[in-house]
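Labels below follow one simple rule: chain letters A, B, ... track the order of the sequence lines, proteins then strands, and each chain is numbered from 1. Keep in mind that what you see is a predicted model, and the values were worked out from it rather than measured.
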There are 2 protein chains.
Amino acid sequence: MSASASEKKDSTTEEKIKTAAKTVFYKKGFAATRTRDIAEEAGLNLALLNYYFRSKAKLFEIIMAETFSGFIGSMKVILDDEKTSLEQKVITIAKRYIDFISVEPEIPTFILTEIRNNPEELLKKLPIKEIVNDSVFIKQFQEAIQNKEITEPNPLHFLMNLLGLVVFPFIVKPIIMGSRNLETEQFDALMQERKKKIPIWINMMFKA
Amino acid sequence: MSASASEKKDSTTEEKIKTAAKTVFYKKGFAATRTRDIAEEAGLNLALLNYYFRSKAKLFEIIMAETFSGFIGSMKVILDDEKTSLEQKVITIAKRYIDFISVEPEIPTFILTEIRNNPEELLKKLPIKEIVNDSVFIKQFQEAIQNKEITEPNPLHFLMNLLGLVVFPFIVKPIIMGSRNLETEQFDALMQERKKKIPIWINMMFKA
DNA sequence: AAAATTTTTAATCAAATGATTAAAAATTTT
DNA sequence: AAAATTTTTAATCATTTGATTAAAAATTTT
């Protein structure tokens, strides 16, 4: 019945709760999920949620933190790699993120809606400013501009376009699938295509 | 105190409620808004919501329907214009949607999260399939491919990229602003830039 | 202006929901 | 295996929240 994404170390009930919480929170968001939904998804007694995690809010915070660090952390690693060129970074981001999101397609919308609901609180926990501004990526971007390899001077446009091309289709997945009667496999195939195409598109957009 | 986007025909209490409902629903989504929030935002007695709209769900349905038809309807008009070329359509979409969303920046995330929460129900009301497949745009796109003016054969990639470039920045607006300490005006300026740049980028990506 | 109708209000209800508690069951320690 | 500890359960509580009601106030009709 239940079944969700990660079914590995669900040995302990604590893990069972976290896995179930992830599934339900991802799908419905904080406000719309009932603690009873989580308990049912986990096949456990409702009181166990409070026994192990004190409150719905605390449980949510934990899921949120893990989700964020998984999502943003890998971005930081890629952007900060001294060994890869700008072009290689684009290839890596497209590939890794499409693979990553394909496994948990609900994550982007989840993150976006929860940031909307609580921007100050959530953003203060994320060192986005540092990740972007102090990154090897930014250095390489500025060099590329000086060397006239790139015309667009604003790295924000570059990043927004890249991430938009990667993430946006997942966010509008229900619309896409509805617009052409696609099955999940066909949608996934579309995203696989995009792993190759996005770096090419980015090059076409920005290469001088 | 309250204050929101549209403050025109707020004469009747029915209109006051709808305006307040829009404001709150857009910002918090269906599940997280309390009918009391709406009443307070409108400066009205709580019972009036039920007097005029029967229930929270009915009120939401009305707001949703108006929001959708505003958003999708203008898309249909643009895509179906026999008089404009493919290139002109891209220019129009970038311009009109960036202007439109700039006035009500919460709309994209609102639509996306509510579609997530209720895909079947909401999508069945929207003739997306027809709008996309029977449009002048699709005809023109296929012609452009036959004439080898465009290399990408799949119109979904074209539309996803175009809409992603337009809409995605608004969805991640809090992150963008946080990442560089931008003020709202600076973010808006970025979006104004994109009105010009997006058509150019689309050309670079797809023009043979 | 009296009567009828519509709109607004304060009070209240009932269901949903996050959380607690005390006892039972299972597990670990001695 | 007895005692102590940890985990699980069923029952219940308290608050929140969507909705209703009956009376008051305002407006319209006669």
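Under the rule for a side-chain hydrogen bond (donor to acceptor under 3.5 Å, both in side chains), B/Asn45 has no partner lying at least two apart in sequence or in another chain. Under the side-chain hydrogen bond (donor to acceptor under 3.5 Å, both in side chains) criterion, A/Glu66 pairs with A/Lys18, sequence neighbours left out. Residues forming a side-chain hydrogen bond (donor to acceptor under 3.5 Å, both in side chains) with A/Thr84 (at least two apart in sequence, or on another chain): A/Lys89.
When rounded to the nearest whole Å, the span between CG of B/Asn50 and P of C/dA14 equals 16 Å. What separates CG of A/Leu46 from P of C/dG18 is a distance of 8 Å, to the nearest Å. As a whole-Å value, the separation of A/Leu49 CG from C/dT17 P is 14 Å.
Ion pairing of B/Lys196 with B/Glu193 is absent here, as no side-chain N (NZ or NE/NH1/NH2) approaches a carboxylate O to less than 4.0 Å. Salt bridge A/Asp134/A/Lys129: absent, no basic N to carboxylate O contact under 4.0 Å. Here A/Glu152 pairs with B/Lys197 in a salt bridge; the nearest charged N to carboxylate O distance falls below 4.0 Å.
In DNA chain D, stems built from 3 or more consecutive Watson-Crick or G-U wobble pairs, each with both distances under 3.5 Å, span C:1-30 with D:1-30.
A/Tyr52 comes within 4.0 angstrom of sugar-phosphate atoms only, judged by non-hydrogen atoms across all strands, and of no base.
If you find the closest nucleotide of DNA chain C to B/Arg36 and to A/Ala47, the one lying nearer the 5' end belongs to B/Arg36.
Near DNA chain D, meaning a heavy atom under 4.0 Å from it, residues 24-35 of chain B has B/Thr33, B/Arg34, B/Thr35 in order of number.
For DNA chain D, the span of nucleotides reached by chain B at under 4.0 Å from its heavy atoms goes, 5' to 3', from D/dT17 to D/dT21.
The aromatic rings of B/Phe110 and B/Phe60 sit perpendicular to each other, their planes meeting at more than 60°, with 30° as the lower class boundary. Aromatic ring orientation, B/Phe141 versus B/Phe137: tilted (interplanar angle from 30° to 60°).
Between the side chains of B/Tyr26 and B/Thr67, at least one donor-acceptor pair of N or O atoms lies under 3.5 Å.
Because its NZ or CZ atom is both nearer than 6.0 Å to the ring centre of A/Phe30 and within 45° of the ring axis, A/Lys56 counts as a cation-pi partner of that residue.
Counting heavy atoms of neighbouring residues, nucleotides and ligands inside a 6.0 Å radius, atom NZ of A/Lys95 does not exceed 12 of them.
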